[in-house]
S.K.: 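Next up is a structure, given as structure tokens.
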Amino acid sequence: MENISGSGWILQENSFNPAALGKCEAIMCGGNGYMGLRAATEERYIGERRGLFVAGTFNRFLSDTEKDNEVSELPNAADFLEMEIKLDGQLFSLAQGTVKEYIRSLHFATGELKRQMHWVSPAGKEYRLDFHRVVSLGDLHTVAQKVCIQPLSGVAEITLSTGINAQMTNSGAQHFAEGPKRFYDRRYMQLVQTTTQSGIDFVLTTDVTLSREANTRIAMDRRRIFSVYDISLEPEEVLTIEKITTVHTSRDKKTEGLDTAALQAHALAHLKAQSALGYGEIARQSAEAWHQKVWGNIPVTLESTDPTDLLALRFAQYHLQIMAPAHDNRMNIGAKGLSGEGYKGHTFWDTEIFVLPYYIFTQPETALSLEEYRYLSLPGARKKAEGNGFSGAQFPWESAWLDDGEVTPLYGAADIVTGLPTPILTGLIEIHITCDVCYGVWQYYTATGDADFMARCGYELVFETANFWVSRLEPGPEGKLHINNVIGPDEYKDQIDDDAFTNHFARWNLWLAMAYRDALARENPALLEKLRPYVRYGAWEEKARDIYIPEPREDGIIPQNRTFLTLKEIDLTKYKNQTQVGSIYRDYNHEQIGEMQVIKQADVLLLILLKEEHFTPEVKRANWDYYEPRTLHDSSLSLSTHCILAADMGDEVLAYDLFKRACNIDMGPNMKSSDDGIHAGSIGGIWQCAVLGFGGLRLVGDKIRLAPALPKAWTRLQFYCWLKGQKIKINITHDTVQVENLTRTAPVEMEINGTTHVVADMLEIK
């Protein structure tokens, strides 16, 4: 956006823009993996989207008229940010009066959000107001606010009203029943709300302190509890308001099993302890946690002719840290993280393919938690497979509760031609999610060598996903086994047969199951015997041998599916140059798009990227030349894949352009791109562009490969990663590659620019 800028550490809004409320609420949101808090302002505005989301607290809205299309979603909890401020009887609002100075800034280094302004009321009185906020990374349950108000022209009479407001909904759907509200010592406010279907207690407790005495009134209303403070200020005197709030739920592991009264007592005690620290100490502890976990531990740094490149990478690392529920393996990452209502907080394939690599290489303990979530959700995956008449585990396209099974809504937006709601088929037939989950297991194990995870979880996940494919394959033409009526990564093509991505990965899933089974037979027969109920002798081999695989034609092109290459072609120039994704839907409906050679996002090209060891450079180039011009990048997941492939093929200019476009999905000029929340997969993709693309770090087969391809704009790229239990520092310039084993408890074998090296300490290659 034109009014968004930033140094390498600060994302900054330079003027108040009511049209950008939703975007800034999302891209500047706070969080810590336990909760996400949209960056709504303390004062209210038309068009705002306030939101507090606690990971893993799903609820299904109960409605007699809409029950068939209601699914589990993260509920929007009570709002405690709001402060109604009256200055000399005038309600403070940037929508009126004059704003002489204004800056809103998100500080990645500390996680602190600030607003600083010089405001002139309609009556002509001038004030300086500073707002500070931090969602603590040091204490997952705490949010701290600080507000400073200074009258610049005469005595000021100030009235502040603030508390906890549970009159919040998810786009109109109310997920909570009202619970107890009370004041303790006429100071501490507490409100309880309970989800209507899942029965989770939320306890919000808050404390407000002022730097000078005030006349105070306490009040309660329906779903609200608040206090009103009246204060007189001398000219130039500064009033400081601190508001400390804690959030607890009966879903929290530490308090699970407590009754409501006990949970309330626990929350109150915790609030008192945090409030005693004050804003400054809470902010300091949070900043220290940011340093220990991210910026002083696993930063990505670079030297570029464009400083926004580094800003984008820090933006990505900031959001990757706050979206991951690393504290609880019963939870995973939603497609919007915890930054908004979009996609209802559900987990997709985005985790395994676009987000998980970041955690595997930088925070393997978080990656382990995400992988354990998939293992713990096996009951739901088995339930879905059985319900569809299959065996093994069929993972839901959209996941929420561990045992929920499928939670994809049945209907979406209106059809431009018929006007009817469009059926959503992804939950029914986009089945590649099952091999994506298997791919996540393989990625994690290959990078970490975590044998304990494989024994507890990994082998069973791989075997049961393979068993699904055994039952899903069906006989057909050419004496082969086929996978019919599916959706591949390109969601512009549905109900198609023999999707290349799905068929290739189904066979690979079967191959991996056989390889792991045979390795266990040699190395750990006792564990193999324990896993015997999930092992198929003969069936895996037979199905893998006979599955139909769309092979490259003579010209090297891999058919995306059985019919794609026979579809009609149209001039896509208009849509390739679009400023708004999905613009093709203004001219065609979904059925018409399905009859054209037009692609929503990387499909065959994603297959080639993820399993590049199976394809020659010539096939890679041929498919790039064919499919890239036909891809509209109408999914935020697409640009990073194309960026990495362009870097692989030496097209430095295009690769860098695609990287910049990927960065702009959330940080760019589109005012509405992030209203529903940030794009978690795309943000993971920014990191992938830098580290896997330009840095060239990749898992290829059973090898760790490093093949840098820096763009001309970058003179240096440095990052840290964990490989086989060793922390590795990699420093890349156009002339040298330095790889240092910082842990040095075991050597790591890597292929660097085509040559195998064993990295025991420091290695430099020129």
Side-chain angles (χ1 to χ4, degrees), residues 349 352-354 397 425-426 429-439 442 465-466 468-469 472-474 476-512 543-567 569 593-635 637-638 641-642 644-645 648 701:
W349 72 311
E352 276 72 22
I353 305 302
F354 300 97
W397 180 245
L425 300 178
T426 52
I429 59 175
E430 192 155 0
I431 61 175
H432 66 80
I433 178 66
T434 294
C435 44
D436 301 332
V437 169
C438 176
Y439 187 77
W442 171 82
T465 51
F468 166 72
W469 296 115
R472 181 61 173 80
L473 291 161
E474 53 190 285
E478 306 164 9
K480 291 289 187 177
L481 298 172
H482 300 264
I483 306 177
N484 298 323
N485 191 34
V486 301
I487 301 173
D490 172 21
E491 292 174 347
Y492 282 168
K493 303 294 173 287
D494 57 35
Q495 302 178 78
I496 49 104
D497 299 337
D498 290 325
D499 170 64
F501 185 96
T502 304
N503 285 31
H504 270 276
F505 265 100
R507 181 177 66 174
W508 172 81
N509 197 160
L510 292 164
W511 281 349
L512 190 67
K543 302 295 185 179
R545 181 187 66 238
D546 293 339
I547 186 173
Y548 173 80
I549 298 296
E551 299 289 354
R553 304 183 311 188
E554 289 185 3
D555 59 2
I557 306 303
I558 300 169
Q560 183 173 299
N561 55 59
R562 275 279 186 173
T563 59
F564 185 90
L565 299 180
T566 68
L567 302 177
E569 300 192 51
I593 294 170
E595 297 171 350
M596 305 169 182
Q597 286 197 35
V598 56
I599 302 166
K600 178 181 180 182
Q601 65 194 80
D603 192 303
V604 169
L605 294 181
L606 180 60
L607 166 66
I608 290 173
L609 174 62
L610 298 181
K611 300 310 299 177
E612 61 181 279
E613 67 271 21
H614 297 307
F615 304 100
T616 66
E618 294 75 20
V619 166
K620 190 174 185 178
R621 168 59 72 176
N623 283 275
W624 170 268
D625 291 342
Y626 190 84
Y627 285 112
E628 195 284 328
R630 292 164 171 80
T631 304
L632 300 186
H633 304 301
D634 279 344
S635 165
L637 306 177
S638 187
T641 296
H642 284 73
I644 296 168
L645 286 173
D648 283 355

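Because only heavy atoms are used, hydrogens play no part in the values below, and waters and symmetry mates are left out as well, while side chains stay in. If you're wondering where the values come from, they're calculated on a predicted model, not measured in any experiment.
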S.K.: Determine the sole option in Asp603, Val486, Leu567, Ile599 for which the side-chain contact (heavy atoms from CB on, under 4.5 Å) test with Lys493 is passed.
M.R.: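 So the option named by the test is Leu567.
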S.K.: Can you label the angle between the Phe505 ring and the Trp508 ring as parallel, tilted or perpendicular, going by 30° and 60°?
M.R.: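 Perpendicular, since the angle between the ring planes exceeds 60°.
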S.K.: Would you confirm whether Thr566, through its side chain, and Thr563, through its main-chain N or O, come within 3.5 Å as a donor-acceptor pair?
M.R.: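 Checked: pair present.
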S.K.: With a 4.5 Å cut-off on side-chain heavy atoms, are Ile558 and Phe615 touching?
M.R.: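 Counting from C-beta outward, Phe615 and Ile558 do come under 4.5 Å.
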S.K.: Looking at Gly556 and Val619, what are the two nearest heavy atoms and their distance?
M.R.: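 Reported closest heavy-atom pair: O-CG1, 3.7 Å.
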S.K.: Charged N to carboxylate O below 4.0 Å: is that the case for Lys611 and Glu613?
M.R.: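 A salt bridge is present here (some side-chain N lies under 4.0 Å from a carboxylate O).
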S.K.: Tell me whether Lys620 is salt-bridged to Asp648, with the criterion being a basic N under 4.0 Å from an acidic carboxylate O.
M.R.: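 Looking at Asp648 together with Lys620, the answer is yes, because their closest N to O distance falls below 4.0 Å.
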S.K.: Would you check, one step at a time, whether the test side chain to side chain contact (heavy atoms under 4.5 Å, CB included) holds for Leu481 with Lys543?
M.R.: CA-CA 7 Å; Leu481 298 172; Lys543 302 295 185 179; 3.4 Å; yes
S.K.: Would you please classify the geometry between the Trp349 ring and the His432 ring as parallel, tilted or perpendicular, with 30° and 60° separating the classes?
M.R.: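 Perpendicular, since the angle between the ring planes exceeds 60°.
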S.K.: Check the side chains of Gln560 and Tyr626 for a donor-acceptor pair under 3.5 angstrom, ignoring hydrogens and angles.
M.R.: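 Distance-only check fails for Tyr626 and Gln560.
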S.K.: Determine, step by step, whether Leu605 and Leu609 satisfy the side chain to side chain contact (heavy atoms under 4.5 Å, CB included) criterion, reporting the C-alpha distance in whole Å, the side-chain angles of both residues, the deciding distance to 0.1 Å, and the verdict.
M.R.: CA-CA 6 Å; Leu605 294 181; Leu609 174 62; over 6 Å; no
S.K.: List the steps and the verdict of side chain to side chain contact (heavy atoms under 4.5 Å, CB included) for Asn485 and Gln495.
M.R.: CA-CA 4 Å; Asn485 191 34; Gln495 302 178 78; 3.3 Å; yes
S.K.: Taking Glu474 first and then Arg472, would you say they form a salt bridge - that is, a charged N and a carboxylate O separated by under 4.0 Å?
M.R.: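 Looking at Arg472 together with Glu474, the answer is yes, because their closest N to O distance falls below 4.0 Å.
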S.K.: At their closest point, which heavy atom of Ala466 faces which heavy atom of Leu510, and how far apart are they?
M.R.: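 Looking at all heavy atoms of both residues, the shortest contact is O-CD2, 3.6 Å.
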S.K.: Kindly write out the residues that satisfy side chain to side chain contact (heavy atoms under 4.5 Å, CB included) with Asp634, not counting sequence neighbours, or none if the list is empty.
M.R.: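 Residues passing side chain to side chain contact (heavy atoms under 4.5 Å, CB included) with Asp634: Tyr492, Gln578, Val581, Ile584, Lys600, Leu632.
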S.K.: How close do Ser638 and His633 get, heavy atom to heavy atom, and via which atoms?
M.R.: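 Minimum heavy-atom contact is OG-ND1, 2.8 Å.
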S.K.: Check the pair Ile431, Ile483 against side chain to side chain contact (heavy atoms under 4.5 Å, CB included), reporting the backbone distance first and the verdict last.
M.R.: CA-CA 10 Å; Ile431 61 175; Ile483 306 177; 3.8 Å; yes
S.K.: A cation-pi test, strictly: NZ or CZ of Arg562 under 6.0 Å from the centre of the six-membered ring of Tyr548 and no more than 45 degrees from its axis. Yes or no?
M.R.: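 Output yes; distance and angle both within limits.
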